[in-house]
Visitor: 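Quick one: this structure, given as structure tokens, is what I'll be asking you about.
One-based numbering along the sequence shown. First listed ligand is number 1; within each ligand, the first listed atom is number 1.
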Amino acid sequence: MKVLVIGGGGREHALVWKISQSPRVAEIFCVPGNAGITGLAKCVDISGEDVDGLLAFALQEKIDLTVVGPEAPLTLGLVDAFEKAGLRVFGPSARAAAIEGSKVLAKDIMAKYGIPTARYAAFDTAPAAEEYIRQLGAPCVVKADGLAAGKGVIVAATEQEAVDAVRLIMSQRAFGSAGDMVVIEECLVGEEVSILAFTDGETVIPMLPAQDHKQIYDGDRGPNTGGMGAYAPAPVCTPELYNFALEKILAPTVKGMASEGRSYRGVLYAGLMVTADGPKVLEYNARFGDPEAQPVLMLLETDLVEIMEAIIDRRLADIEIKWKKGAAVCVVLASGGYPGSYRKGDVISGLGQETAGVMVFHAGTALRDGTVVTSGGRVLGVTALGDDIPSAINQAYAGVRNISFEGMSYRKDIGQKALRKL
Ligand code: AMP
Ligand code: GLY
């Protein structure tokens with residue numbers, strides 16, 4: 001079969017890599033892809049947000065299965081448009097993906113269906129939001145309702161910071177119409193864990209729990225990024241927590257979405273904070289996480305195409321999902337200056353030397369006259385399998401040492417929180 005993957009980051013390289021191992025797949029296209037993906041798929045330069053252009057391409061190429069990586073095409077209704085045209089596509093509809101596209105909707109669903117989350121209120125005017133901030137006190141969290149490329153959440157240490165965040169979002173409109181509404185919520189304290197699940201709208205099968213590293217510097221210091229590394233399985237997720245996440249969070253969310261006429265098919269990502277008072281949902285995403293997908297997909301034993309097809313046909317209950325033993329760790333190599341402004345176009349050296357069990361997933365890379373150069377903030381994700389977390393950490397950092405480019409920066413402590421638990 002012919003498969004089309006939409007997106008061009010490390011997550012999509014991992015998706016293409018895993019899909020390419022399916023005996024059922026003859027050809028893969030990726031839009032827009034990156035330098036690493038070119039070895040596995042034909043990369044085509046169409047914007048991931050040009051739904052009409054993508055549909056025309058998929059029809060013309062007679063694509064058998066389309067897989068959507070990032071959130072924007074999902075909330076724009078790519079899945080709806082493809083299904084309407086009779087194409088098979090993996091991911092939630094626009095109404096279902098709204099669980100990521102609108103934080104107000106996500107919070108309202110959680111409140112309605114009794115899913116544990118931070119106390120909150122939603123506002124469509126700045127003065128009302130500011131009044132609630134004074135009532136709630138600091139610290140608190142201010143969230144733009146809509147998609148803001150991961151920048152729409154401000155954890156405010158003081159009431160003034162929270163008020164400034166509301167003004168930035170609602171008055172200065174830093175994120176455009178994503179800031180028409182804001183959610184103000186209580187600040188939760190604890191350790192974060194990402195639990196992603198496959199679901200066909202009825203059956204819910206969680207993947208191995210993963211942990212992201214959002215801040216740019218070691219010890220979780222500095223500004224937030226798209227994610228500087230991840231590992232799985234995360235020991236913070238005990239068997240009790242896993243069962244709680246499935247029974248009290250993921251399953252009721254999928255059931256609640258169906259009752260709301262928002263039947264959810266695809267990957268549902270629950271970002272949890274493990275608090276002294278139990279796990280609580282920080283956010284939902286309508287897709288695989290990046291970089292969580294890299295270690296999680298390296299550990300997936302089952303054919304991903306089989307799983308996706310079963311979800312499309314609403315027969316996920318018939319599938320057994322198997323995982324490799326051991327652990328996987330992904331260390332992201334970023335451009336100097338990221339998540340602020342950074343250089344592009346620097347030559348990357350040391351690629352292609354990875355040992356067995358190590359994959360260098362490309363994110364912000366491009367080809368210039370046949371040479372791989374940097375083209376984004378997060379450049380590569382060196383991902384390694386190991387018998388356990390310590391050995392996967394060693395393998396991943398051994399892989400990192402082969403690679404260099406001007407200004408390359410990375411965290412040296414990916415996985416350390418797991419070591420403290422083991
Ligand atoms: P989100 O996009 O909602 O996941 O928020 C991004 C990050 O902000 C999360 O991964 C957390 O680190 C942090 N965050 C979000 N909501 C809260 C909260 N209620 N309390 C503490 N931190 C939060
Ligand atoms: N790694 C967090 C995300 O994909 O949203």
Side-chain angles (χ1 to χ4, degrees), residues 7 9-12 14-15 68-72 74-75 97 99-107 110 116-122 133 136-157 161-162 165 169 175 178 182-196 207 209-216 220-232 234 267-277 279-297 330 332 334 339 361 363 377-378 381 414 417:
R11 164 183 53 208
E12 286 77 22
L15 282 167
V68 187
E71 59 278 14
L74 295 169
T75 56
I99 200 166
E100 173 168 6
S102 168
K103 295 201 188 281
V104 175
L105 177 95
K107 295 295 288 192
M110 286 187 261
T117 188
R119 260 190 313 138
Y120 77 105
I133 287 168
L136 195 64
C140 68
V141 184
V142 178
K143 302 183 171 185
D145 176 48
L147 295 182
K151 300 197 175 97
V153 174
I154 294 136
V155 180
E161 268 179 56
I169 295 169
F175 312 111
V182 288
V183 168
I184 312 290
E185 65 181 36
E186 92 188 279
C187 189
L188 299 175
V189 181
E191 193 170 330
E192 287 184 46
V193 61
S194 307
I195 305 189
L196 288 72
M207 304 182 208
Q211 190 169 55
D212 192 4
H213 297 65
K214 288 215 165 72
Q215 286 95 345
I216 183 79
D220 293 340
R221 288 174 305 109
N224 267 347
T225 68
M228 292 299 292
Y231 62 88
V267 171
L268 179 63
Y269 168 137
L272 308 183
M273 184 76 89
V274 184
T275 74
D277 200 21
K280 296 188 180 180
V281 177
L282 293 172
E283 63 162 345
Y284 288 112
N285 292 322
R287 49 171 175 81
F288 280 102
D290 188 343
E292 291 95 326
Q294 290 84 315
V296 168
L297 291 174
C330 170
V332 170
F361 293 118
R378 292 190 292 174
I414 304 301
K417 273 198 209 110

Visitor: Under the side-chain contact (heavy atoms from CB on, under 4.5 Å) criterion, do Leu297 and Met207 qualify, and how do the steps go?
Guide: CA-CA 9 Å; Leu297 291 174; Met207 304 182 208; 5.9 Å; no
Visitor: So, Glu292 and Tyr269: side-chain donor and acceptor under 3.5 Å apart, yes or no?
Guide: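 The answer is yes; a qualifying pair exists.
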Visitor: Assess the side chains of Ser194 and Asp212: does a donor N or O sit below 3.5 Å from an acceptor N or O?
Guide: no
Visitor: Using heavy atoms and a 4.0 Å limit, tell me yes or no: is Gly227 in contact with ligand 2?
Guide: no
Visitor: Are the charged groups of Arg119 and Glu185 less than 4.0 angstrom apart, N to O?
Guide: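 Between Glu185 and Arg119 there is no salt bridge, as every charged N stays at least 4.0 Å from the carboxylate O atoms.
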Visitor: Which heavy atom of the protein is the closest neighbour of atom 4 (O) of ligand 1, given with residue, atom name and distance?
Guide: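 Going atom by atom, the protein heavy atom closest to atom 4 (O) of ligand 1 ends up being Glu283 CD, 2.6 Å.
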Visitor: Are any of the N/O atoms in Lys214 less than 3.5 Å from those in ligand 1?
Guide: yes
Visitor: Under 3.5 Å, side chain of Arg378 to main-chain N/O of Asp290, donor-acceptor pair present?
Guide: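 At least one qualifying donor-acceptor pair exists.
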Visitor: Give the atom numbers and elements of ligand 2 that come within less than 4.0 Å of a heavy atom of Gly289.
Guide: 4 (O)
Visitor: With heavy atoms under 4.0 Å as the rule, classify the contact between Gln211 and ligand 2 as side chain, backbone, both or neither.
Guide: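 Under 4.0 Å from ligand 2, Gln211 contributes no heavy atoms.
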Visitor: How far apart are the C-alpha atoms of Thr117 and Lys107, what are their side-chain angles, what is the distance that settles it, and do they pass the side-chain contact (heavy atoms from CB on, under 4.5 Å) test?
Guide: CA-CA 8 Å; Thr117 188; Lys107 295 295 288 192; 2.8 Å; yes
Visitor: If we only consider heavy atoms of Lys280, is any one of them less than 4.0 Å away from an atom in ligand 1?
Guide: no
Visitor: For atom 12 (O) of ligand 1, what's the nearest protein heavy atom and its distance?
Guide: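 For atom 12 (O) of ligand 1, the nearest protein heavy atom comes out as Glu192 OE2, 2.4 Å.
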Visitor: Just to be sure I'm reading this right: ignoring hydrogens, which of Glu100, Lys143, Met273 gets closest to atom 3 (O) of ligand 1? Compare them by their nearest heavy atoms.
Guide: Lys143
Visitor: Only heavy atoms of Arg287, strictly under 4.0 Å: list the atoms of ligand 2 that pass.
Guide: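 So the atoms of ligand 2 that pass are 3 (C), 4 (O), 5 (O).
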Visitor: Check contact between Phe288 and ligand 2, using heavy atoms of the residue and a distance below 4.0 angstrom.
Guide: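 Judged by the 4.0 Å heavy-atom criterion, Phe288 does not count as contacting ligand 2.
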Visitor: Between CG of Leu272 and CD1 of Ile195, what distance do you get to the nearest 0.5 Å?
Guide: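 The distance works out to 5.0 Å.
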Visitor: Looking at CE of Met110 and OH of Tyr120, how far apart are the two atoms once the value is rounded to the nearest 0.5 Å?
Guide: 8.0 Å
Visitor: Has Ala293 got any heavy atom lying under 4.0 angstrom from an atom of ligand 2?
Guide: no
Visitor: Is there a donor-acceptor pair under 3.5 Å between the side chain of Lys103 and the backbone N or O of Val153?
Guide: no
Visitor: Any idea which atoms of ligand 1 are less than 4.0 Å away from a heavy-atom of Val141?
Guide: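 In order of number, 16 (N), 17 (C), 18 (C), 19 (N), 20 (N).
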Visitor: State whether a side-chain donor-acceptor pair under 3.5 Å links Gln211 with Tyr231.
Guide: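 Checked: Gln211/Tyr231 side chains pair up, N/O donor to acceptor below 3.5 Å.
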Visitor: Taking N or O atoms only and a 3.5 Å limit, does Glu283 qualify as a polar contact for ligand 2?
Guide: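 No, since none of the N or O atoms of Glu283 sits under 3.5 Å from an N or O of ligand 2.
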Visitor: Using a 4.0 Å cutoff against the non-hydrogen atoms of Gly226, which atoms of ligand 2 qualify?
Guide: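 That gives atoms 1 (N) of ligand 2.
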Visitor: Heavy atoms only: which of Leu188, Val281, Val155 is nearest to atom 21 (C) of ligand 1?
Guide: Leu188
Visitor: May I ask you to list the atoms of ligand 1 that are less than 4.0 angstrom from any heavy atom of Glu185?
Guide: 16 (N), 17 (C), 18 (C), 19 (N)
Visitor: Say whether Gly271 and ligand 1 are in contact under the criterion: heavy-atom distance to a ligand atom below 4.0 Å.
Guide: no
Visitor: Only heavy atoms of Asp212, strictly under 4.0 Å: list the atoms of ligand 2 that pass.
Guide: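 The list of qualifying atoms is 1 (N), 2 (C).
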Visitor: Taking Asp220 first and then Lys214, would you say they form a salt bridge - that is, a charged N and a carboxylate O separated by under 4.0 Å?
Guide: no
Visitor: Suppose I only count heavy atoms of Lys103 and a 4.0 Å limit; which atoms of ligand 1 are within that range?
Guide: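 Matching atoms, with element in brackets: 2 (O), 3 (O).
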Visitor: Give the intermediate values and the outcome of side-chain contact (heavy atoms from CB on, under 4.5 Å) for residues Arg287 and Glu71.
Guide: CA-CA 7 Å; Arg287 49 171 175 81; Glu71 59 278 14; 2.8 Å; yes
Visitor: Begin from the C-alpha positions of Leu147 and Glu100 and carry the test side-chain contact (heavy atoms from CB on, under 4.5 Å) through to its verdict.
Guide: CA-CA 8 Å; Leu147 295 182; Glu100 173 168 6; 3.9 Å; yes
Visitor: Which residue and atom name correspond to the protein heavy atom nearest atom 17 (C) of ligand 1, and how close is it?
Guide: Leu282 CD2, 3.4 Å
Visitor: State whether the shortest distance between N or O atoms of Asp290 and N or O atoms of ligand 2 falls below 3.5 angstrom.
Guide: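 Yes, Asp290 has an N/O under 3.5 Å of an N/O on ligand 2.
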Visitor: Spell out, as yes or no, whether a donor-acceptor pair under 3.5 Å connects the side chain of Ser102 to the backbone of Gly146.
Guide: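 No: the side chain of Ser102 does not pair with the backbone of Gly146.
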Visitor: Take every heavy atom of Arg11, measure it against each atom of ligand 2, and state whether any distance is under 4.0 Å.
Guide: no
Visitor: To the nearest 0.1 Å, how far is atom 8 (O) of ligand 1 from its closest protein heavy atom, and which atom is that?
Guide: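 The closest heavy atom on the protein side is Val153 CG1, 3.5 Å.
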